[in-house]
Amino acid sequence: MAARHPYQLVIFDFDGTLSDSGHWFLSIVDDLAERFRFRSVHPDEVEGLRKRTTREVIDHLGISRWKLPLIARHVRARFGRNTDQIHLFDGVRDMLRTIDEAKVRLFVCSSNSEANVRAILGAEDSARIERFFCGSGLFGKVRKFRQAIRASGLPPSAILSIGDETRDIDAARAVGIGAGAVLWGYANPEMLLAMMPDVTFATPQEVVDYLT
């Protein structure tokens with residue numbers, strides 16, 4: 001029999017992990033490029049960009065680092081005005097309910113705002129999340145993860161992060177928590193697998209099966 005997982009708490013990323021907001025973001029990227037003066041993204045480029053790390057995408061598009069907080073604030077505000085266009089991935093609501101019923105604690109850590117996250121989750125599923133650590137910078141998850149570890153009262157070894165990008169794996173490793181990756185999000189699955197996360201999930205049901 002396989003050993004039971006050691007995790008008492010899961011920290012979920014939001015965009016690309018719980019929320020299927022990738023298509024919405026692509027629909028506004030040309031406007032962002034014009035507004036903030038960086039390269040636009042041709043549809044033929046999208047798949048290739050999914051095979052790059054976040055830093056590589058930023059460099060490819062020619063986005064100055066000092067513009068990142070401005071872009072993030074603009075995107076969060078625009079997201080908040082378009083929540084009717086954005087939905088959770090199929091199976092996510094059942095996943096959160098089942099994990100919650102199994103008494104595994106749930107946090108969310110996202111560069112999106114807490115208000116936006118709650119709007120997409122809805123009242124019932126928001127209530128399943130014990131703590132929200134939101135509004136981090138694009139590369140601010142290490143600080144948010146450290147805050148989450150302190151708030152949890154748990155050792156890092158008892159916590160699993162689940163995200164969909166290479167930076168999620170990097171941040172988890174930087175603070176010593178488990179690095180889990182979903183293969184349905186923004187990043188190319190092969191690139192995520194090459195980083196050898198502690199555990200990978202192809203569907204929300206696989207997350208349920210692993211944790212419960």
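Bear in mind the structure is a predicted one, so any value in this text is a computation, not a measurement.
Under the 30°/60° scheme for interplanar angles, the aromatic rings of Phe133 and Phe107 are found to be tilted. Ring geometry, Tyr7 versus Tyr210: the interplanar angle falls from 30° to 60°, so the pair is classed tilted.
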Leu32/His74 under side chain to side chain contact (heavy atoms under 4.5 Å, CB included): CA gap, chis, key distance, verdict: CA-CA 9 Å; Leu32 294 176; His74 177 82; 3.3 Å; yes
Test log, rule side chain to side chain donor-acceptor pair (under 3.5 Å), inputs His23 and Gln85: CA-CA 10 Å; His23 294 298; Gln85 301 177 30; over 6 Å; no
Stepwise side chain to side chain contact (heavy atoms under 4.5 Å, CB included) check, Arg39 with Ile63: CA-CA 8 Å; Arg39 283 190 55 199; Ile63 303 174; over 6 Å; no
Worked verdict on Leu88 versus Leu121 for side chain to side chain contact (heavy atoms under 4.5 Å, CB included): CA-CA 7 Å; Leu88 300 179; Leu121 286 175; 4.1 Å; yes
Working for salt bridge (charged side-chain N to carboxylate O under 4.0 Å, His left out), residues Arg78 and Asp31: CA-CA 12 Å; Arg78 195 157 174 173; Asp31 180 63; 2.4 Å; yes
Criterion side chain to side chain contact (heavy atoms under 4.5 Å, CB included) on Met191 and Glu165, from CA distance to verdict: CA-CA 9 Å; Met191 184 173 68; Glu165 296 185 68; over 6 Å; no
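Inter-residue side-chain proximity for Phe12 and Ile99 is flagged as met; some heavy-atom pair is nearer than 4.5 Å. No side-chain heavy atom of Phe25 sits under 4.5 Å from any side-chain heavy atom of Asp15. Arg146 has its side chain out of reach of Arg143: every pair of non-hydrogen atoms, C-beta onward, lies at least 4.5 Å apart. By the 4.5 Å heavy-atom criterion applied to side chains, Leu211 and Val207 are counted as neighbours. Side-chain contact between Leu192 and Ile169 is present, with at least one heavy-atom pair separated by less than 4.5 Å. Inter-residue side-chain proximity for Ile58 and Phe38 is flagged as unmet; no heavy-atom pair is nearer than 4.5 Å. At least one side-chain heavy atom of Ser152 sits under 4.5 Å from a side-chain heavy atom of Ile159. Side-chain contact between Leu154 and Ile149 is absent, with no heavy atoms from C-beta onward closer than 4.5 Å.
In this structure, Leu96 is a member of the same hydrophobic cluster as Phe14, with clusters built from ILVMFWY side-chain heavy atoms closer than 4.5 Å. By the rule that hydrophobic residues join a cluster once side-chain heavy atoms approach within less than 4.5 Å of another member, Phe132 and Ile86 end up as members of one cluster. Both Leu18 and Ile120 sit in one connected hydrophobic cluster of ILVMFWY residues. Membership requires side-chain heavy atoms under 4.5 Å apart, directly or through other members. Phe145 and Val104 are members of different hydrophobic clusters when ILVMFWY side chains are connected at heavy-atom separations under 4.5 Å. A continuous path of hydrophobic side-chain contacts links Val75 to Trp66 [ILVMFWY only; heavy atoms under 4.5 Å].
By the 4.0 Å N-to-carboxylate-O rule, Glu114 lies too far from Arg131 to be salt-bridged with it. Taking the charged nitrogens against the carboxylate oxygens, Arg65 and Asp59 do have a contact shorter than 4.0 Å, which makes a salt bridge. Electrostatic pairing of Arg97 and Asp94 counts as a salt bridge here, judged by a charged N lying under 4.0 Å from a carboxylate O. Remark: Asp13 engages Lys141 in a salt bridge, criterion side-chain N to carboxylate O under 4.0 Å. Taking the charged nitrogens against the carboxylate oxygens, Asp170 and Arg167 have no contact shorter than 4.0 Å, which rules out a salt bridge.
Taking the six-membered ring for Trp, Phe201 and Trp184 have ring centres at least 6.0 Å apart.
Few gaps surround CD on Glu101; more than 12 heavy atoms of other groups in view lie less than 6.0 Å from it. No more than 12 heavy atoms of other residues, nucleotides or ligands lie within 6.0 Å of CD in Glu190, so this atom counts as exposed by the packing criterion.
Between Asp84 and Arg81, the shortest heavy-atom distance links the atoms OD1-O, 4.2 Å. Here the shortest heavy-atom pairing between Phe89 and Thr17 reads CD1-O, 3.6 Å. Residues Gly80 and Asn116 come closest through the heavy atom pair CA-OD1, 3.1 Å. Of all non-hydrogen atoms in Ser110 and Asn112, the two that sit nearest each other are OG-N, 2.8 Å. Closest approach of Ile129 to Val108, counting heavy atoms only: CG2-N, 3.7 Å. Here the closest non-hydrogen pair linking Ser40 and Asp30 is CB-OD1, 3.5 Å.
When atom types are taken as modelled, the side chain of Asp168 and the backbone of Asp164 share a donor-acceptor pair closer than 3.5 angstrom. Asp198 contributes a side-chain N or O that, together with a main-chain N or O of Ala179, makes up a donor-acceptor pair within less than 3.5 Å. Ser21 places no side-chain N or O within donor-acceptor distance of the main-chain N or O of Trp24, the cut-off being under 3.5 Å. Side chain of Ser64 to main chain of Lys67: no donor-acceptor pair is present (N/O by atom type, distance under 3.5 Å, no hydrogens or angles). No side-chain donor-acceptor contact under 3.5 Å links Glu56 to the backbone of Arg52.
We find the CD1-CZ distance between Ile71 and Arg76 to be 11.5 Å, quoted to the nearest 0.5 Å. Atom-to-atom distance recorded for Ser126:OG and Leu106:CG is 11.5 Å, nearest 0.5 angstrom. To the nearest 0.5 Å, atoms CD1 (Ile162) and CD1 (Ile11) are separated by 10.0 Å. Taken to the nearest 0.5 Å, the CE atom of Met95 stands 11.5 Å off from the CG atom of Asp100. Separation of atoms OG (Ser161) and NZ (Lys144) is listed at 14.5 Å; rounding is to 0.5 Å.
Side-chain atoms of Tyr186 and Thr166 form no donor-acceptor pair, as typed in the model, at a separation below 3.5 Å.
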